[in-house]
Structure formats: C-alpha cells, structure tokens
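The structure appears right after this line, and notes come after that.
Because the structure is predicted, anything quoted here is derived from the model rather than measured. The basis for the numbers below is simple: all heavy atoms, side chains too, and nothing from hydrogens, waters or symmetry mates.
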Amino acid sequence: MVVEIAVKDDPRLLAAIDSLARQTRRPDRVLVAASPLIPDALAAQALKRQPSLRVDLVRLPGGPVDARVEAMELLTEPTTAFLDSDEVAPPEWLERVVAPIESGAAAFAGGPTRPLQPPSHPIQHYMELLERSIYEDLVPRNIAYLPLGNSAWDTRVLRGFGFDRRVTAEDHDLETRVLRAGLHGVFLPEAWVYHDKSYETSYWRWARKRYVWLYQMAMSLIKNRSLGERWREHRPRIRHPLWYVETLMKPVAFVHARLRWSRVGGPVPPGEPAPGAR
C-alpha cells in the first residue's frame, strides 16, 4: 500500500509525513509527488524526517495536480491512498480508509476533515463551515464530490480510468466516470483527518483559489453533463459573508469554463483511459 502526497512548496508536508509514521497500519511506501518549486531543504527534510518510513520523493512538472497526473505510472502497489500536504492523519486513519478497498467492497473510499485548530481568521472560519457542508450535506448524497485528499483507491481502477489533463477538478471527474461505469465508492465518516487552514489569511489569495476551484468544478460538470444534477441538489446556505462573494463568482467561472471546454474537446467515454492517463 502506498500513500501519495502531492505538494508544491508547503512546509506542512513534514507534519503529514510525521502522522503517517504513527499509523496503526503503516504504509509500505510514502510517495511525495513534488512540484519543481519545492525547496531543496524541504525535500531533504521530507526524505530524512522519519527513518522508519520508506519515503520516495520525485520532482514532477507543474503544480500538485500536474504532479498527481505524472505520478500515476509510479503507483505499483495494489492500494493507493491520498493525503494532502496540509492534512494530518490520526493513528487509525489509514487502517480505516483502506478497509473497503482491501475487502473488495468499493473501488474507492474516503472520509471528512476536521480543523487542526480553532479558526482565528474570517477566512478560516468560512473554510471550516464550507468543508463541514461538503462532508455533511454533499458527499453523503453524492460520493462523486469526495475530495481526493483523504481517500483510498484500488490502484487498478485508478490507473485504468486515469486523470483527464483537461479537467483539473481531477477528483470529481475521475469519480464521476468510475461511478457511471458501475463501480462503487464509500464515504467513511470515521476515517477523518485534520486539515490545517492556519495559512488562510489573505482575502486575495482566498478569492483566487476559490475562483479557480469553481472554474475547475464547472469544467468537470460540463464535460460529464452533470449540470442538471448539480442544479437539482439542495445545499444549505452557508451563513457567512464570504458565501455571497463566492456566489457572485460562480456565473463568471461557469462562462469561463464553458468557453474553455469549447476549445479543448469533447467528453471521454466512461471506462476509457482519459487523456494523460498512464
């Protein structure tokens, strides 16, 4: 079993690796799929941080999403789990998240996040409310919205379907195609991880990241013809001023995604490897 962590230049990577060394079910290998921008000092620390763990670090082109795509061919173990660089796993996490995969009950499974520390900034408070809504209101009804961080996969399924390079909401696109092919995903509330949002203090950075996320999700919805399903989903309003800001960004992001998709091509049939799959 391998745990993959995609990272750009995030020093929280070290805490994520530390948490994997404390697992009741230890991984056979930790694969750090790193952007070329990762500082040499951070890369060296990641490799030496936990001598009891086998840690492989590879520098791959682009950012974390690109690194995930490029790292696909390096996944050789039967089960692959994903942990984000800003997540910290409690000791029972890996044992719990891989159980449905190893038993053959599901092609993929994953759990929610909890804040690593109480929010100290309005952005952190909003992100806590947003993630709570995702894991309490959205994912239990439609597992295709499960974020890739804190998930586990049958590696044969993962490599067989692959990531579509045209759609950087790679988790939603992949999960939608897997589910439409008749395979199963499982939401595991008990397989939670801590999410460190302490770096979220810039409104400009937050707006840019949320716009990119909205644009990417719209691309996946357009590609997979899931817009009707999305509009019919009932999701409670988040009572925070930033929710209104995000709501105003959605139509702009949708038009941006529609124009972009009209240039990059049509859908990939479910079950066929996506462009860029290894």
Are the charged groups of [X] and [Y] less than 4.0 angstrom apart, N to O?
X    : Y    : result
R132 : E128 : yes
E200 : R205 : yes
D173 : R180 : no
E190 : R96  : no
D137 : R141 : no
D56  : R54  : yes
K223 : D164 : yes
E70  : R165 : yes

Is it possible for you to check whether R12 lies under 6.0 Å from the centre of the six-membered ring of Y199, through NZ or CZ, and within 45° of that ring's axis?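 Output yes; distance and angle both within limits.
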Members sharing I101's hydrophobic cluster (side chains within less than 4.5 Å):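 Once heavy-atom contacts under 4.5 Å are chained together, I101 still belongs with nothing else.
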Pairs in or reaching into residues 35-57: which pass ring pair (Phe, Tyr, Trp, His ring centres under 6.0 Å), with residues at least two apart or in two chains?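 Sorted result for residues 35-57: empty, none.
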Apply the test salt bridge (Lys or Arg N to Asp or Glu O under 4.0 Å) to residues R25 and E102: give CA-CA distance (whole Å), side-chain angles for both, the deciding distance (0.1 Å), then the verdict. CA-CA 13 Å; R25 171 74 185 278; E102 295 183 334; 2.9 Å; yes
Testing the 3.5 Å rule here: is there a donor-acceptor pair between the side chains of [X] and [Y]?
X    : Y    : result
S220 : H172 : yes
N150 : E87  : no
T24  : E92  : no
S198 : D196 : yes
S120 : Q124 : yes
W153 : T155 : no

Take atom OH in Y194; do more than 12 heavy atoms of anything else shown fall under 6.0 Å from it?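 No, the 6.0 Å shell around OH holds no more than 12 heavy atoms from other groups.
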Heavy-atom neighbours of K250 NZ exceed 12 at 6.0 Å: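 Yes, NZ of K250 has more than 12 neighbouring heavy atoms, counting only those of other groups under 6.0 Å.
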When you compare the side chain of [Y] with that of [X], does any pair of heavy atoms fall below 4.5 Å?
X    : Y    : answer
R258 : I222 : yes
P27  : L53  : yes
R68  : F82  : yes

Under a 3.5 Å distance rule, please check whether N142 uses its side chain to pair with a backbone N or O of A144 as donor and acceptor.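 Judged by distance alone, yes, a pair lies under 3.5 Å.
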Show the numbers, then the answer: is there a side chain to side chain donor-acceptor pair (under 3.5 Å) between R159 and T80? CA-CA 10 Å; R159 295 192 59 162; T80 300; over 6 Å; no
Verify same cluster id: [X], [Y] (apolar side-chain graph, 4.5 Å):
X    : Y    : value
I134 : L179 : yes
V252 : W261 : yes
V7   : L57  : yes
L31  : L42  : no

Please state whether the rings of Y126 and H240 are parallel, tilted or perpendicular, taking 30° and 60° as the class boundaries.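 Geometry flag for H240 against Y126: tilted rings.
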